[in-house]
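Heads up: the structure comes next, in structure tokens.
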Amino acid sequence: MKEISIQRMTPAHLPQVAELSVATEQVKFVGTMEEILVNIDDTVHPHVIMDSDTVVGFFLIDTQYGHSYDFADSAALGLRAFFIDHRQQGNGYAKRAVLALKAFLETAYPGFEQIYLTVNCKNPAARHCYQQGGFTDTHELYLGGAAGPQHIMRMAL
Ligand SMILES: CC(C)(COP(=O)(O)OP(=O)(O)OC[C@H]1O[C@@H](n2cnc3c(N)ncnc32)[C@H](O)[C@@H]1OP(=O)(O)O)[C@@H](O)C(=O)NCCC(=O)NCCS
């Protein structure tokens, strides 16, 4: 299984990040890199998943998630746009990254008690990854997504 590290994205990562993409049939779950990057502001922070010096994946941490979604507590982060580059999928990177997330967030975002995400009901692979990494299904559905109903998952920090 490959070792990974999680880092806050910096301008130095941008050339590699700009080259990341998911498979065509996966775009409905996260959007294109261009669509993802426009979400970034002072409350929504980009992160990279690294194997040594290579960027293999990406995600956003949304510090306003608890205020944006009724199902989340106010002291909650949101995990958004989590993906592994399509050329790097199937190597265990997502599983490793989700497992590393709790320790990373406890250091980087002290004061937040939970992290939430939503995952499309037609995306069992991602749901499986999140469960392996410590997220639990709330057994509630979020119906506001453009690509159909989504499971709401949560992990305590
Ligand atoms: C879902 C995703 C993050 C998985 O990344 P990955 O690095 O290929 O996953 P891993 O290699 O770490 O696999 C982790 C587990 O998921 C399973 N898995 C991964 N892809 C799978 C697939 N397409 N179908 C079924 N199971 C799959 C693996 O078998 C493994 O389970 P196991 O340990 O029980 O064998 C990746 O496919 C992706 O980026 N998809 C597009 C974006 C997306 O859907 N993001 C989630 C938005 S909520």
Side-chain angles (χ1 to χ4, degrees), residues 1-9 13-14 16-40 44-66 68-72 76-105 109 112 114-157:
M1 195 70 79
K2 305 259 195 175
E3 289 307 317
I4 55 95
S5 67
I6 292 172
Q7 296 173 21
R8 179 91 170 246
M9 183 186 158
H13 294 122
L14 190 56
Q16 286 194 63
V17 168
E19 297 298 317
L20 301 177
S21 63
V22 295
T24 310
E25 66 276 13
Q26 298 173 333
V27 171
K28 61 180 176 292
F29 298 134
V30 283
T32 63
M33 200 67 237
E34 259 181 1
E35 289 164 347
I36 291 169
L37 291 175
V38 300
N39 288 301
I40 296 168
V44 179
H45 306 152
H47 291 78
V48 287
I49 302 163
M50 307 287 302
D51 179 349
S52 188
D53 293 334
T54 304
V55 178
V56 297
F58 179 94
F59 60 87
L60 298 173
I61 292 295
D62 185 342
T63 60
Q64 288 297 303
Y65 202 83
S68 306
Y69 294 94
D70 288 346
F71 59 75
L77 294 168
L79 178 65
R80 293 170 48 192
F82 177 91
F83 72 91
I84 300 296
D85 182 71
H86 73 279
R87 290 155 290 201
Q88 306 281 2
Q89 291 179 14
N91 290 324
Y93 285 126
K95 185 174 173 174
R96 279 274 174 270
V98 179
L99 279 168
L101 197 60
K102 184 176 159 85
F104 174 82
L105 294 174
Y109 294 93
F112 287 89
Q114 309 197 63
I115 181 160
Y116 282 82
L117 63 82
T118 64
V119 56
N120 197 285
C121 295
K122 293 177 219 137
N123 195 0
R127 182 164 176 258
H128 178 68
C129 268
Y130 295 136
Q131 269 172 332
Q132 283 181 320
F135 280 86
T136 52
D137 196 330
T138 64
H139 299 293
E140 287 175 60
L141 289 180
Y142 174 65
L143 302 175
Q150 304 191 356
H151 300 287
I152 300 169
M153 304 186 80
R154 175 175 60 207
M155 179 167 66
L157 297 175

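Both counts, for ligands and for their atoms, begin at 1 and track the order of listing.
Under the 6.0 Å cut-off for aromatic ring centres, Phe104 and His47 qualify, their centroids lying closer than that. If you look at Tyr142 and Phe71, their ring centroids are closer than 6.0 Å.
Heavy atoms of Thr118 approach ligand 1 to within less than 4.0 angstrom. Not a single heavy atom of His86 sits closer than 4.0 Å to an atom of ligand 1.
When heavy-atom distances to ligand 1 are checked against a 4.0 Å cut-off, Gln132 comes that close only through its side chain, counted from C-beta outward. Contact annotation for Tyr130 and ligand 1: only side-chain heavy atoms (C-beta onward) come within less than 4.0 Å of the ligand. For Leu117, no heavy-atom contact with ligand 1 is shorter than 4.0 Å. At a heavy-atom distance under 4.0 Å, only side-chain atoms of Cys129, from C-beta outward, approach ligand 1. Residue contacts with ligand 1 for Ile84 involve both N, CA, C or O and side-chain atoms from C-beta outward (heavy atoms, distance under 4.0 Å). The side chain of His128, and not its backbone, has at least one atom closer than 4.0 Å to an atom of ligand 1 (non-hydrogen atoms only; side chain from C-beta on). In Gln26, the part holding a heavy atom less than 4.0 Å from any atom of ligand 1 is the side chain.
Selection from Ser21, Gly57, Ala81, Gly92 by nearest heavy atom to atom 10 (P) of ligand 1 gives Gly92. Scanning Gln89, Lys122, Arg127 for the heavy atom closest to atom 36 (C) of ligand 1 points to Gln89.
Leu60 CG to Leu77 CG: the interatomic distance, rounded to the nearest 0.5 Å, is 12.0 Å. Rounding to the nearest 0.5 Å gives a distance of 8.5 Å between CG of Leu99 and CD1 of Ile4. A distance of 7.0 Å separates OG1 in Thr63 from OH in Tyr109, rounded to the nearest 0.5 Å.
A pairwise comparison of heavy atoms in Ala97 and Ile49 identifies CB-CD1, 3.7 Å as the closest pair.
When only interatomic distances are considered, the shortest N/O to N/O separation between Phe82 and ligand 1 falls below 3.5 Å. For a threshold of 3.5 Å applied to N or O pairs, the pair formed by Gly90 and ligand 1 contains at least one separation below that value. Residue Ala94 places at least one N or O, backbone or side chain, under 3.5 Å from an N or O of ligand 1. At under 3.5 Å, a nitrogen or oxygen of Lys95, whether backbone or side chain, sits near a nitrogen or oxygen of ligand 1.
At distances below 3.5 Å, at least one donor-acceptor pair connects side-chain atoms of Asn120 with backbone N or O atoms of Ala147. Judged by distance alone, with hydrogens and angles left aside, the side-chain atoms of Asp85 form no donor-acceptor pair with the main-chain N or O of Gly57 at under 3.5 Å.
Here the options are Tyr116, Phe59, Phe135, the test is ring-ring contact (aromatic ring centres under 6.0 Å, His included), and the partner is Tyr130; only Phe135 passes.
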